Protein chains: 2
Amino acid sequence: MQDSGEGMETDGTSWIGAAPGGPGGRPVLRLEAFLPYRLSVLANTISHAVAEAYRERFGLTVPEWRVMATLGEFDGPGAAVTANAVAAHTAMDKVQVSRAISRMIQAGLVARVTDPGDRRRSILTLTEAGRGIYERIVPAALDYERRLVAGLSETERACLARLIDTLTDRATQTAPPREVGAEGP
Amino acid sequence: MQDSGEGMETDGTSWIGAAPGGPGGRPVLRLEAFLPYRLSVLANTISHAVAEAYRERFGLTVPEWRVMATLGEFDGPGAAVTANAVAAHTAMDKVQVSRAISRMIQAGLVARVTDPGDRRRSILTLTEAGRGIYERIVPAALDYERRLVAGLSETERACLARLIDTLTDRATQTAPPREVGAEGP
DNA sequence: TGAGATTAGTTTCATATGAAACCAATTCCA
DNA sequence: TGGAATTGGTTTCATATGAAACTAATCTCA
């Protein structure tokens, strides 16, 4: 049995996007309380700040930074990071990864050698210069993150971590918006 | 006195992006635990699902949907919603709003009349057709939102609402990443 | 084997985006 | 007044993006 059923939960403090005026009245949605919108604004705000800083201070785009973060975390002797692995780890598509990598090779930040065992693949590593930038960015990035969450209690931080996990899972499983009550195609 | 000083808080469950290997060791950042990255992935996942659904079912882009949501919420007799007001309310820039509006006028979803009191401005309203779509989208959007948060407890939902608020505030106030220890320009 | 299916990665093309320049109407003051 | 500064909104231009087509290497299995 579902708790609290289908009932409206718009108690005024809830951020659920519905406003009074339920079934029968004119349907209303408060954009400023609508989860997809709120999350998008939050993520974009952060992303913009980060992108501008990386561009200005380190000459990197966000996709490039993500490639760098992946290589910084995993490359080196014994590892064999491919473009595909980067794409999987960064949630970027392979086109974006391919472009980021080729720019970084141009810039001398990344080295690429064909995998002798499978000549479709290339193994990617940070160059000396690349790792130099990586080691400058990481503290800045962690510091920024720390300042972002500085006002949150330990409990809230834990909650945040869990919420992001849960929602990310659900977002991949939840069917997209469709007309309520409409039958399938 | 700062609490807990500069000490690492990476207890293994925290999502703070740092990994063991602190000062002195090689600096490491786990992208998959890094807040800006996590939020970006979450927001993009939701945004993609929503965008695809709006496009396919209603022929709208996300910026267009946001314009529609704003007009649906505020337009009508007595109100005077301008492009500027839409931009402010949707956190989009004026270029994006201008383009969304002109497409929607083309499509017959939005009407625009010059404000007689200030002929730089135009007052925007949903047409009959526009409101028709709005009234079909809103229930679908609210239903999607409800399904997204279906697994969360009431406490978690409240926490989510507050966290998004707090973080959005902080994100606009927090200085962007800069090299730790570096002096200003 | 070797022809079709698969996988890694790149290129193409059409669209989306945003910063900056722009136009027009309005406001500000000397 | 009347010109400079401001505001509302659009256009331009250069870049970013992603879906789909493409190339090349590898795998599959009849």
Side-chain angles (χ1 to χ4, degrees), chain A residues 40-41 43-45 47-56 59-67 70-71 80-107 110-125, chain B residues 40-41 43-45 47-56 59-67 70-71 80-107 110-125:
Chain A
S40 169
V41 169
N44 283 344
T45 303
S47 215
H48 257 113
V50 165
E52 175 59 13
Y54 289 171
R55 190 190 62 68
E56 178 172 329
L60 292 180
T61 65
V62 167
E64 285 160 17
W65 149 246
R66 287 185 181 177
V67 168
T70 306
L71 296 182
V81 182
T82 64
N84 241 339
V86 171
H89 187 250
T90 56
M92 300 195 290
D93 77 26
K94 60 184 185 169
V95 176
Q96 220 172 352
V97 171
S98 169
R99 289 198 267 238
I101 288 171
S102 71
R103 279 183 304 237
M104 293 172 88
I105 290 174
Q106 282 296 316
V110 166
R112 170 167 58 187
V113 304
T114 301
D115 179 347
D118 180 344
R119 297 209 314 284
R120 291 169 304 182
R121 298 182 177 160
S122 310
I123 309 301
L124 304 165
T125 49
Chain B
S40 170
V41 169
N44 283 344
T45 304
S47 214
H48 257 112
V50 165
E52 176 58 14
Y54 290 171
R55 191 191 61 69
E56 178 173 328
L60 292 180
T61 65
V62 167
E64 285 159 18
W65 149 247
R66 287 184 181 179
V67 169
T70 305
L71 296 182
V81 183
T82 65
N84 240 339
V86 171
H89 187 250
T90 57
M92 300 193 290
D93 76 26
K94 59 185 185 169
V95 176
Q96 221 171 352
V97 171
S98 169
R99 290 199 265 239
I101 288 171
S102 70
R103 280 184 303 240
M104 294 172 87
I105 289 173
Q106 282 296 315
V110 166
R112 170 167 58 188
V113 303
T114 300
D115 179 346
D118 181 342
R119 297 208 314 282
R120 290 169 305 183
R121 298 182 178 162
S122 310
I123 309 302
L124 304 165
T125 49

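This one's a predicted model, so the numbers in the text were calculated from it and none came from an experiment.
Annotation: the span from A/Arg103 atom CZ to A/Thr61 atom OG1 amounts to 4.5 Å, rounded to 0.5 Å. The OG1 atom of A/Thr82 lies 6.0 Å from the CZ atom of A/Arg121; values are rounded to the nearest 0.5 Å. Of the inter-residue distances, the one linking B/Ile101 atom CD1 with B/Leu124 atom CG reads 4.5 Å to the nearest 0.5 angstrom.
Following rounding to the nearest Å, A/Arg66 (CZ) and D/dT17 (C1') show an atom-to-atom distance of 13 Å. Counting to the nearest Å, the P atom of C/dA8 and the CG atom of A/Asp115 are 11 Å from each other. Distance A/Met104 CE to C/dT10 P: 14 Å, rounded to the nearest Å. Look at CE on A/Met92: it is 13 Å from P on C/dG9, rounded to the nearest Å. For the pair A/Arg119 CZ and D/dT26 C1', the computed distance is 10 Å after rounding to whole Å. One can place CD of A/Gln106 at 13 Å from P of C/dT10, the figure rounded to the nearest angstrom. As a whole-Å value, the separation of A/Ile101 CD1 from C/dT11 C1' is 15 Å. In this structure, B/Lys94 places its NZ atom 12 Å from P of C/dA21, rounding to the nearest Å.
A donor atom on one side chain and an acceptor atom on the other are found under 3.5 Å apart for A/Ser40 and B/Arg66.
A close approach under 4.0 Å does occur between a side-chain nitrogen or oxygen of A/Ser98 and OP1 or OP2 of C/dT10. Remark: A/Thr82 is not in phosphate contact with C/dA8, judged by side-chain N or O atoms under 4.0 Å from OP1 or OP2. Look at A/Gln96 and you won't find any side-chain N or O under 4.0 angstrom from OP1 or OP2 of D/dA16. For A/Arg112, a side-chain nitrogen or oxygen approaches OP1 or OP2 of C/dT10 to under 4.0 Å.
The nucleotide whose nearest atom lies closest to any side-chain atom of A/Arg120 is, among C/dT26, C/dT6, C/dA16, C/dT6. Closest to the side chain of A/Asp93, out of C/dT6, D/dG9, D/dG18, is D/dG18. Distance from the side chain of A/Arg99 is smallest for D/dG18 among the nucleotides C/dA8, C/dT17, D/dG18. Counting only heavy atoms from C-beta on, B/Thr61 has its side chain closest to C/dA16 among D/dG9, C/dG9, C/dA16. Residue A/Val95 places its side chain closer to C/dT10 than to any other of C/dT6, D/dT6, C/dT10.
At least one side-chain heavy atom of B/Gln96 sits less than 4.5 Å from a side-chain heavy atom of B/Asp93.
Where A/Arg103 and A/Gly117 meet DNA chain D, the nucleotide closest to each residue was compared, and A/Arg103 sits on the side nearer the 5' end. Between B/Ser122 and B/His48, the residue anchored nearer the 5' end of DNA chain D, judged by the nucleotide with its closest heavy atom, is B/Ser122.
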